[in-house]
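Remarks on the structure that follows.
Read the numbers this way: they start at 1 and go in the same order the structure lists the ligands and their atoms. Note that the structure is a prediction, hence the values are computed from the model and not measured. The first residue of the sequence shown is numbered 1, and numbering continues consecutively from there.
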Amino acid sequence: MADVHDEIEARLSEVRQFAPSPEFAASANVDVSIYDIATADPEAFWATQARNLTWATPFTTTLEWTPPNATWFGDGTLNASVNCLDRHVANGRGDKVAYHFVGEPEGDTRTITYQALFNEVCRAANALTELGVVAGDRVAIYMPMIPEAIVAMLACARLGAAHSVIFGGFTADALAHRITDADCRVVITADGGFRRGTASGLKVNVDAALAQCPDVHSVVVVRRTGQDVNVVDGRDHWWHDVVAPQSPHHVAQAFPAEQPLYVMYTSGTTAKPKGILHTTAGYLTHVSTTHAMVFDLKADTDVVWTAADIGWVTGHSYIVYGPLCNGATSVLYEGVPDAGGKDRWWRIVEEYGVTILYTAPTTIRTLMKWGDEFPMAHDRSSLRLLGSVGEPINPEAWMWYRDVIGEGRCPIVDTWWQTETGGIMATPLPGVTATKPGAAMRAFPGISLDVVDHEGTSVGNSGGGFLVVNKPWPGMTRGIWGDPQRFQETYWSQVPGRYFAGDGAKLDDDGDLWILGRIDDVMNVSGHRLSTAEVEHCLVAHASVAEAAVVGASDETTGQAVVAFVTLRSGFDADDALVDELRALVSKMIGPIAKPKRILVTPELPKTRSGKIMRRLLRDVAEHRSLGDTTTLLDPSVLSMIDDLMRSTPSDD
Ligand code: WT7
């Protein structure tokens with residue numbers, strides 16, 4: 001972490017600070033008193049927020065906490081789908097637009113009102129009921145970014161069944177593992193989706209995955225691209241056959257506050273992804289409150305564009321549940337940022353009058369690289385707030401986002417959170433908190449964060465250490481699906497009684513929070529979390545590979561890039577064809593996002609005397625840094641040899 005510290009030091013010395021803009025402050029949803037109110041009694045603060053939800057049975061208890069198990073609003077009952085839909089329709093807001101859907105192919109758009117979304121969710125809920133889905137089940141969703149994906153999620157929620165959305169970029173193996181781990185019996189998918197101008201295949205991956213998942217009895221398929229798909233009699237059903245004929249009404253049952261809402265798989269430090277469980281009332285409270293306060297949402301007039309995939313938690317919380325609970329209008333865009341031209345995003349902003357744009361630093365850097373002329377060619381005067389999420393944002397990208405995209409007038413919220421936290425945990429509040437390029441600034445009201453050392457002692461201002469959460473919060477994960485022991489060990493054992501985030505952080509002289517990135521073997525590539533172990537596991541699955549060590553090396557565009565070091569079994573040669581084969585294997589087993597940017601074949605890997613591979617030193621090599629302390633190595637010459645090899649071999653991407 002030392003080098004990152006130095007970088008931050010350098011940034012801090014030249015840092016600029018932006019005071020909250022008076023214009024923004026004048027109409028902001030909250031003022032600075034919110035911090036004192038929430039700090040004085042966090043549980044009361046969250047209970048007040050929770051009362052904005054529509055309850056079938058109001059709760060009387062707020063928090064029960066037996067570490068690491070929390071129950072929020074435990075005796076209340078409600079329905080997530082009713083909170084997203086029925087109550088807005090009942091309040092006369094049925095004609096309000098829920099989503100402006102923009103497909104990747106030009107001109108392929110749909111406008112979906114709350115009334116229309118409600119009716120479609122009811123139909124889907126009725127169809128899933130016919131297929132045998134009941135409360136307590138898990139349903140897998142593997143879809144492109146189309147409205148039916150959201151309909152499917154809400155239909156599950158309406159029935160009290162947990163959805164497990166699997167990112168469309170994942171492959172059959174990854175899909176099979178997730179379906180089996182959560183014991184999903186029904187899969188909702190599409191023939192494919194549009195990405196980079198071509199129709200990708202999704203159903204074909206489902207077919208391959210289901211060869212390993214005998215318990216799946218039903219598959220519902222949306223026709224999106226029109227490509228030919230294999231239809232298994234009795235198992236596979238077209239969405240338009242089973243959903244369209246249903247009644248557009250469905251009376252939703254209320255479920256306990258802690259009813260599982262969804263499972264979302266994310267990478268940890270081992271090869272096995274973790275199924276992060278979120279439940280209903282606390283999660284909805286957290287995402288709706290943060291969505292309203294962090295983005296200063298004016299539900300009547302704002303057009304919110306969270307440019308993320310619904311296959312990740314950002315999509316769940318800030319495309320689906322947060323905005324819908326708040327009755328907001330969102331943009332849902334299917335494709336890549338440059339489909340149909342490098343100004344595609346800005347055409348969307350202009351056409352729909354997007355007011356709030358929320359995306360990842362990796363995308364901001366890509367847009368920046370393409371040049372100012374693309375945004376400049378379009379009217380961006382509708383924009384009033386910009387958000388960043390998913391990885392540390394470098395000050396240059398932050399300043400570009402602010403000055404070029406936001407014309408210097410839009411506050412920027414750099415929001416730190418995780419799949420596990422459910423919603424935003426650290427962020428400035430627009431119009432209230434000052435901002436600094438690259439800093440997440442402070443904990444959201446009602447959230448208690450600290451930066452601590454190995455002993456769990458606060459480091460105080462000007463100190464670096466581990467980011468922890470001191471107290472339970474409503475959106476916190478309720479566990480790892482099927483693995484309570486791993487839950488306890490990963491998050492609640494490093495600093496007893498406190499949530500260990502796995503991120504390094506620093507408080508500057510003003511006490512403002514800077515996130516330094518992961519301190520464990522988790523990589524962050526284009527805002528996607530990947531486990532080094534998971535990629536190593538793929539590589540060693542190849543007959544030629546004896547050992548593999550994977551690191552995340554800093555990369556100008558993607559934040560980090562996957563770099564792999566492998567040793568070969570005897571009888572295999574380190575040629576280009578083999579390296580290509582290994583890269584393709586990872587892509588096939590996990591997905592293209594995990595494909596190593598570089599694979600270096602080396603005679604040996606650097607190990608400690610106890611035989612542990614020193615990934616930290618390999619990261620130095622991959623980042624072309626001078627080699628640090630190598631005294632713990634069994635044979636330091638191995639590392640210098642790899643370093644020479646790295647410098648002399650051309651990059652193979
Ligand atoms: C990890 C969580 C949050 C939803 C998307 C990613 C990194 C996230 C920031 C930020 C610096 C950030 C952390 C975290 N991260 N936001 N604003 N500044 N780092 O969710 O896949 O669960 O990844 O992303 O390292 O632990 P995720």
Side-chain angles (χ1 to χ4, degrees), residues 1 4 7-8 11 165 167 169-170 263-269 273-278 286-287 290-291 294 306-322 358-365 386-395 397-398 401 412-428 435-444 449 451 466-469 475-477 480 490-491 499-506 512-531 534 552 554 558-560 593-594:
M1 227 156 70
V4 194
E7 209 177 289
I8 297 285
R11 280 180 204 173
V165 179
F167 175 56
F170 278 127
V263 180
M264 155 94 6
Y265 284 83
T266 187
S267 297
T269 53
K274 305 177 274 197
I276 300 298
L277 172 68
H278 284 290
H286 189 169
V287 298
T290 47
H291 188 252
V294 176
T306 294
D309 197 285
I310 42 160
W312 305 112
V313 75
T314 308
H316 279 47
S317 299
Y318 299 108
I319 298 178
V320 182
Y321 290 108
Y358 187 38
T359 193
T362 181
T363 311
I364 298 168
R365 287 192 294 268
L386 302 172
S388 173
V389 59
E391 48 177 322
I393 180 164
N394 48 314
W398 195 101
Y401 202 26
I412 295 193
V413 289
D414 176 7
T415 62
W416 173 85
W417 56 294
Q418 309 175 299
T419 306
E420 295 87 339
T421 70
I424 294 168
M425 301 294 279
T427 176
T435 57
K436 292 175 183 175
M441 299 305 287
R442 60 184 295 182
F444 182 79
L449 300 179
V451 181
F466 307 113
L467 184 60
V468 294
V469 189
M476 66 192 269
T477 173
I480 297 175
T490 310
Y491 305 106
Y499 173 84
F500 188 81
D503 278 304
K506 184 185 166 88
D512 293 324
L513 179 67
W514 296 70
I515 310 291
L516 306 178
R518 304 290 310 189
I519 45 94
D520 52 14
D521 291 331
V522 173
M523 299 174 285
N524 191 328
V525 179
S526 297
H528 296 154
R529 222 161 114 174
L530 289 169
S531 135
E534 211 175 338
S554 52
T558 57
Q560 283 190 325
I593 49 166

Quick one: nearest non-hydrogen protein atom to [atom], plus distance?
{"atom": "atom 23 (O) of ligand 1", "answer": "Arg529 CD, 3.2 Å"}
{"atom": "atom 7 (C) of ligand 1", "answer": "Gly390 O, 3.3 Å"}
{"atom": "atom 3 (C) of ligand 1", "answer": "Trp417 O, 3.1 Å"}
{"atom": "atom 4 (C) of ligand 1", "answer": "Thr314 OG1, 3.3 Å"}
{"atom": "atom 11 (C) of ligand 1", "answer": "Pro392 N, 3.1 Å"}

List for me each residue that meets side chain to side chain contact (heavy atoms under 4.5 Å, CB included) alongside Ala360, sequence neighbours excluded, and say none if there are none.
-> Thr362, Thr363
Lys/Arg N to Asp/Glu carboxylate O, Glu420 vs Arg529, below 4.0 Å | yes
Using 4.0 Å as the upper bound for N to carboxylate O, is an ion pair formed by Arg442 and Asp512?
-> no
Of Asn524, Asp503, Asp414, Ile424, the residue with the heavy atom nearest atom 25 (O) of ligand 1 is Asp503
For [X], atoms of ligand 1 separated by under 4.0 Å from a heavy atom:
{"X": "Val313", "value": "4 (C)"}
{"X": "Val389", "value": "3 (C), 4 (C)"}
{"X": "Thr415", "value": "9 (C), 10 (C), 16 (N), 17 (N)"}

Find out whether Trp416 and Ile424 are in side-chain contact, i.e. whether some heavy atom of one side chain is under 4.5 Å from a heavy atom of the other.
-> no
is_close_aromatic(Trp312, Tyr318), centroid dist under 6.0 Å | no
Phe167 and His528: aromatic ring centres closer than 6.0 Å?
-> yes
Answer with side chain, backbone, both or neither: which part of [X] has a heavy atom less than 4.0 angstrom from an atom of ligand 1?
{"X": "Thr421", "answer": "neither"}
{"X": "Thr419", "answer": "both"}
{"X": "Glu391", "answer": "backbone"}

Worked verdict on Thr415 versus Tyr358 for side chain to side chain donor-acceptor pair (under 3.5 Å) = CA-CA 10 Å; Thr415 62; Tyr358 187 38; 2.6 Å; yes
Output yes when the distance from some N or O of ligand 1 to some N or O of Ser388 is under 3.5 Å, and no in every other case.
-> no
Check Gly315 against Ala308 and note the closest heavy-atom contact, atom names and distance.
-> N-CB, 4.3 Å
For the residue pair Phe500 and Phe466, does the interplanar ring angle fall in the parallel (under 30°), tilted (30 to 60°) or perpendicular (over 60°) class?
-> tilted
